[in-house]
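Worth saying up front: this structure is predicted, and the values here are computed from it rather than measured. Atoms considered below: every heavy atom in the structure, side chains included; atoms not considered: hydrogens, waters and symmetry mates.
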Amino acid sequence: MTPRTPSIRPTSLRTHRCGDLRREHIGQLVRLTGWVARRREHGEHLAFLDLRDASGVVQCVVAEHIDARSEYVVSISGTVRARPDGTINANLATGEIEIGEAEVEILGTAEPPPFPIDQRADAVDEGLRLEYRYLDLRRERMQRNLRARAAVNSAMRASMESQGFVEVETPLLVPSTPEGAREFLVPSRKEHGAFYALPQSPQLFKQLLMVAGLDRYYQLARCLRDEDLRADRQYEFTQLDIEMSFVGVDDVLAAISDAVLDAAEAVTGTRPGEIRRITWREAMERFGSDKPDLRFGMELVDLGEVFSATAFKAFAGSGAIKGLRVEGAASTYGRNQLDKLTDRAKSLGAKGLVWIKVAADAALESPVAKFFSDAERDALLDATGAKEGDLVLIVADEWHRACEVAGTLRNDLGRPPVHEGPYEYVWVVDFPLFVGQDATTGRPLPGHHAFCMPHPDDLERLEDEPMSVRALAYDLVLNGWELGSGSIRIHDGALQRRVFHLLGISDEEADRKFGFFLNPFRYGAPPHGGFAVGIDRLVAILAGEENIREVIAFPKTQSGSDPMTGSPIAVEPSHLAELGLKIIP
RNA sequence: GGUCCCGUGGUGAAGUCUGGAGUUCACGCCGGCCUGUCAAGCCGGAGGUCGCGGGUUCAAAUCCCGUCGGGACCGCCA
């Protein structure tokens, strides 16, 4: 991380911070405060205390016996001096100096911590770490992560300010809206039976700020979604949320790119190059994902041509046939593992998985090889580039599913850990306006949300071929994680009604559900669009963490609890009564 | 709602498949020794409801069922 070294004034309790001391301080009488990180005793008349504060660690030499144990909070006075020859510690930033003739005053004693306060705690049960999060956060790794997060926030704010964005805070108590993620509800005390919702995002408010003429809005916004938690998902998370007026797609991407690249540079010290773009269609075709991880190859191979006239029933008539070449895996994948891969494919919704091992002389080893003609075999090897010793996996299904399943297998088999390799940012553009259809009504379902602008080139097909219409919607992806998404919004009432009608939402229903949001657009709404970047995910990847809990000070477990506070917890019956609530056992 | 993995002195791990005395290793903790260490070293010691409950068995950390907690994933996350 680029060391941002704010000048820390002395306080009434200390003259310096431990980690700031260097050769230039030699000779100075200093007073330090911090925690005893480690103690090395050499009898009555020599002991080394490693003193730790937020800035780092410094070695103090104590000549008299003092009972200062691990994690005791102490004040140490002494003179900075050069370490004797041969005792310099190159692994320590302060390793050239030490505090000599240190006098120790114990400010507070400490029980032995339930786990070590050093890198060894990386292996400690995470539930225990979360129960004692205040001790976990003392550790260098967590301090580094929280500071990286602060650096990201700071860089993003600076970027937004320099681009003319205005920070506006939007409400946390908002109306419940029918679409989207499950909401957390907050009961109204004054109107029993009525509820606020906590915002999934400030979406509606930020668009109203455009109607209001703010021109450019941003916020480091807390968002809350009552959906199951994952490595990259918490109930509450933070987004850099922006909205801009009088812009097209390129303008929004440029604004966000600036902020994200600035943030990345603030953490890593290196500014990534311009973020490349890929269309959604191409991402699905080549990587089988709308959040492709571009750090590795193993691109999907379209085998529709190869098997266009195949006799193999499982392939014939499929919407798409996608192949995946796994180099050198023929010998390492036994029957058991191949069965597991097949189960994985099925759990992802595929009808099955075809596996083919390439043996000597281009012979195919597979339960279904007998269905392939020689020409198909040659074309398959040619298309995939598979050679002896390689494994080829093939998924045949409806186009989207075939791509998705093959893409997930690609990730399963080839994806490096998130902290390895380069940072591969990519804009995924031209998302479809609709994804899939409602099982009962057959109506198309919105891809991003119902207020997303259709691609102008596709507008004429809106009613006739809605599923082929692209949206002015885009995602930012980093190393296979979706960092955020956004779109140009519909600002025209007539077009909005056309989209609603396609979604099966009548004027009356639209007015009932979104009236407070749509009516303002009758009073002059500028063309506008926006984006939101998931801060937790960005920081996690930049910090080399595989889980966003590692970059959140006080996260929840996967089941949504907080082992430190015990939340969620039951409340007093009187509390419930005041809110007009009753618990159903 | 579902699939899978994990739970053993304060911490981390081995032991579980193939039942046989709470066994082992490292760290930490407590005490002693030690004047240049830096995850100090040496000696000694304490510390356990093998997550919990039930079952099978002469015998359960180990096998079976249930349950709780943690994690990964599917569904879900416009």
Side-chain angles (χ1 to χ4, degrees), chain A residues 37-51 57-65 67 69-71 83-92 94-95 98 100 110-132 135 177-183 200-201 203-204 223-235 237 340 343-350 404-405 408 411-412 431 433-436 438 444-452 471 473 482 485-487 503 514 532 534 546-547 549 556-561 563:
Chain A
R38 203 162 292 282
R39 178 176 56 158
R40 295 177 293 278
E41 285 188 306
H42 293 251
E44 275 294 304
H45 303 294
L46 178 65
F48 300 97
L49 287 188
D50 287 343
L51 185 66
V57 171
V58 69
Q59 171 169 287
C60 306
V61 185
V62 183
E64 57 182 351
H65 176 77
D67 196 24
R69 304 187 178 216
S70 284
E71 300 308 318
R83 292 198 186 189
D85 287 346
T87 64
I88 286 173
N89 185 345
N91 298 321
L92 213 55
T94 58
E98 63 190 11
E111 294 177 24
F115 52 82
I117 311 294
D118 61 28
Q119 58 277 34
R120 278 173 293 187
D122 286 351
V124 171
D125 176 76
E126 200 187 339
L128 192 66
R129 289 176 53 205
L130 291 180
E131 184 180 349
Y132 297 91
L135 297 181
T177 50
E179 309 289 320
R182 187 183 297 116
E183 299 161 324
Q200 309 164 35
S201 80
Q203 183 66 35
L204 305 183
C223 305
L224 299 105
R225 297 178 187 175
D226 188 5
E227 298 290 352
D228 286 355
L229 294 76
R230 289 280 195 285
D232 60 352
R233 278 161 38 186
Q234 282 271 305
Y235 280 154
F237 57 99
K340 278 184 180 159
D343 289 345
R344 171 73 165 161
K346 285 179 179 170
S347 81
L348 295 166
E404 208 169 46
V405 172
T408 303
N411 278 338
D412 286 353
F431 269 74
L433 188 62
F434 303 109
V435 287
D438 187 284
L445 297 167
H448 273 243
H449 53 66
F451 316 114
C452 195
E482 179 191 319
S485 60
S487 64
L503 297 171
F514 304 108
E546 308 207 22
N547 194 304
R549 289 190 298 269
K556 303 283 189 290
T557 66
Q558 193 167 63
S559 60
S561 66

With A:S70, which residues qualify under side chain to side chain donor-acceptor pair (under 3.5 Å), at least two apart?
none

Would you please name every residue forming a salt bridge (Lys or Arg N to Asp or Glu O under 4.0 Å) with A:R83, sequence neighbours left out?
none

Sequence neighbours left out, what passes salt bridge (Lys or Arg N to Asp or Glu O under 4.0 Å) with A:D412? Give chain and number order.
A:R344

Is A:D122 paired with A:R129 through a side-chain N to carboxylate O contact shorter than 4.0 Å?
no

In whole angstrom, what separates A:E183's CD from B:C77's P?
13 Å

Considering Watson-Crick and G-U wobble pairs with both distances under 3.5 Å, what does B:G31 pair with?
B:C43

Surrounding OH of A:Y132 (heavy atoms of other residues, nucleotides or ligands, distance under 6.0 Å), is the total greater than 12?
no

Residue list, side chain to side chain donor-acceptor pair (under 3.5 Å) with A:R120, at least two apart or on another chain:
A:D118

Can you name the atoms? Protein N/O to nucleotides 8-10 of chain B N/O, anything below 3.5 Å, with the distance.
{"residue": "B:G10", "atom": "O2'", "partner": "A:P114", "partner atom": "O", "Å": "2.8"}

Spacing of the C1' atoms in B:C50 and B:G9 (rounded, Å)
10 Å

Grab the CG-P distance between A:D122 and B:A39 for me, whole Å please.
16 Å

When we call it a touch if two heavy atoms are under 4.0 Å apart, what does A:S201 touch: a base, just sugar-phosphate, or nothing?
base

Does any nucleotide pair with B:G48 by Watson-Crick or G-U wobble geometry, both distances under 3.5 Å, and what is it?
none

Pairing partner of B:C17, by Watson-Crick or G-U wobble and under 3.5 Å for both distances, is none

Look through every strand shown and name the nucleotide pairing with B:U11 as Watson-Crick or G-U wobble, where both distances are under 3.5 Å.
B:A26

Quick one: A:R39 CZ to B:G41 P, roughly how many Å, whole number?
14 Å

Partner lookup for B:U62, please. Criteria are Watson-Crick or G-U wobble with both distances under 3.5 angstrom; report none if nothing qualifies.
none

Spacing between A:R120 atom CZ and B:G28 atom C1', to the nearest angstrom:
8 Å

Expressed in angstrom and rounded to an integer, what is the separation of A:E131 atom CD from B:G51 atom C1'?
14 Å

Taking only residues two or more places apart in sequence, or in another chain, which ones meet A:F514 in a ring pair (Phe, Tyr, Trp, His ring centres under 6.0 Å)?
A:F451, A:F500

Please identify each residue that fulfils salt bridge (Lys or Arg N to Asp or Glu O under 4.0 Å) with A:E227, with sequence neighbours left out.
A:R182

On a whole-Å scale, what distance lies between the C1' atoms belonging to B:U24 and B:G55?
30 Å

Does a side-chain N-to-carboxylate-O contact under 4.0 Å join A:R230 and A:D228?
no

Base, sugar-phosphate alone, or nothing: which one does A:G349 contact when heavy atoms must sit under 4.0 Å apart?
nothing

A:T94 side chain to A:V57 backbone, donor-acceptor under 3.5 Å
yes

Nucleotides 66-74 of chain B: protein proximity per nucleotide (B base, S sugar-phosphate only, - neither; heavy atom, under 4.0 Å)
----SBBSB

What is the nucleic acid contact for A:Q203, judged by heavy atoms within less than 4.0 Å: base, sugar-phosphate only, or nothing?
base

Which residues pass the side chain to side chain donor-acceptor pair (under 3.5 Å) test with A:S487, sequence neighbours left out?
A:R489

B:C30 versus B:A13 - spacing of their P atoms, nearest Å
23 Å

Tabulated below should be each protein N or O lying under 3.5 Å from an N or O of nucleotides 33-38 of chain B; please produce it.
{"residue": "B:C34", "atom": "N3", "partner": "A:E41", "partner atom": "O", "Å": "3.4"}
{"residue": "B:C34", "atom": "N3", "partner": "A:G43", "partner atom": "N", "Å": "3.0"}
{"residue": "B:C34", "atom": "N4", "partner": "A:G43", "partner atom": "N", "Å": "3.4"}
{"residue": "B:U35", "atom": "OP2", "partner": "A:H42", "partner atom": "O", "Å": "3.4"}
{"residue": "B:G36", "atom": "O6", "partner": "A:R81", "partner atom": "NH2", "Å": "3.0"}
{"residue": "B:G36", "atom": "N1", "partner": "A:E98", "partner atom": "OE2", "Å": "3.0"}
{"residue": "B:G36", "atom": "N2", "partner": "A:E98", "partner atom": "OE1", "Å": "2.4"}
{"residue": "B:G36", "atom": "N2", "partner": "A:E98", "partner atom": "OE2", "Å": "3.3"}
{"residue": "B:U37", "atom": "O4'", "partner": "A:H42", "partner atom": "NE2", "Å": "3.4"}
{"residue": "B:U37", "atom": "O2", "partner": "A:R40", "partner atom": "NE", "Å": "2.6"}
{"residue": "B:U37", "atom": "O2", "partner": "A:R40", "partner atom": "NH2", "Å": "3.2"}
{"residue": "B:U37", "atom": "O2", "partner": "A:Q59", "partner atom": "OE1", "Å": "3.3"}
{"residue": "B:U37", "atom": "N3", "partner": "A:Q59", "partner atom": "OE1", "Å": "2.8"}
{"residue": "B:U37", "atom": "N3", "partner": "A:Q59", "partner atom": "NE2", "Å": "3.1"}
{"residue": "B:U37", "atom": "O4", "partner": "A:Q59", "partner atom": "NE2", "Å": "2.9"}
{"residue": "B:U37", "atom": "O4", "partner": "A:R83", "partner atom": "NH1", "Å": "3.3"}
{"residue": "B:C38", "atom": "O4'", "partner": "A:R40", "partner atom": "NE", "Å": "2.9"}
{"residue": "B:C38", "atom": "O2'", "partner": "A:R40", "partner atom": "NH1", "Å": "3.4"}
{"residue": "B:C38", "atom": "O2", "partner": "A:Q59", "partner atom": "OE1", "Å": "3.4"}
{"residue": "B:C38", "atom": "O2", "partner": "A:N89", "partner atom": "ND2", "Å": "3.1"}
{"residue": "B:C38", "atom": "N3", "partner": "A:R83", "partner atom": "NH1", "Å": "2.6"}
{"residue": "B:C38", "atom": "N4", "partner": "A:R83", "partner atom": "NH1", "Å": "3.4"}
{"residue": "B:C38", "atom": "N4", "partner": "A:T87", "partner atom": "O", "Å": "2.3"}

Is any side-chain N or O of A:R225 under 3.5 Å from a base N or O of B:C77, one able to act as donor and the other as acceptor?
no

Complementary nucleotide for B:G69 - Watson-Crick or wobble, under 3.5 Å:
B:C6

P gap between B:C64 and B:U18, integer Å:
9 Å

Checking A:N547 now: which residues fulfil side chain to side chain donor-acceptor pair (under 3.5 Å) with it, not counting sequence neighbours?
none

Check: protein-nucleotides 42-44 of chain B nitrogen or oxygen pairs below 3.5 Å:
none

Quickly work out the A:R129 CZ to B:G7 C1' distance and round it to whole Å.
17 Å

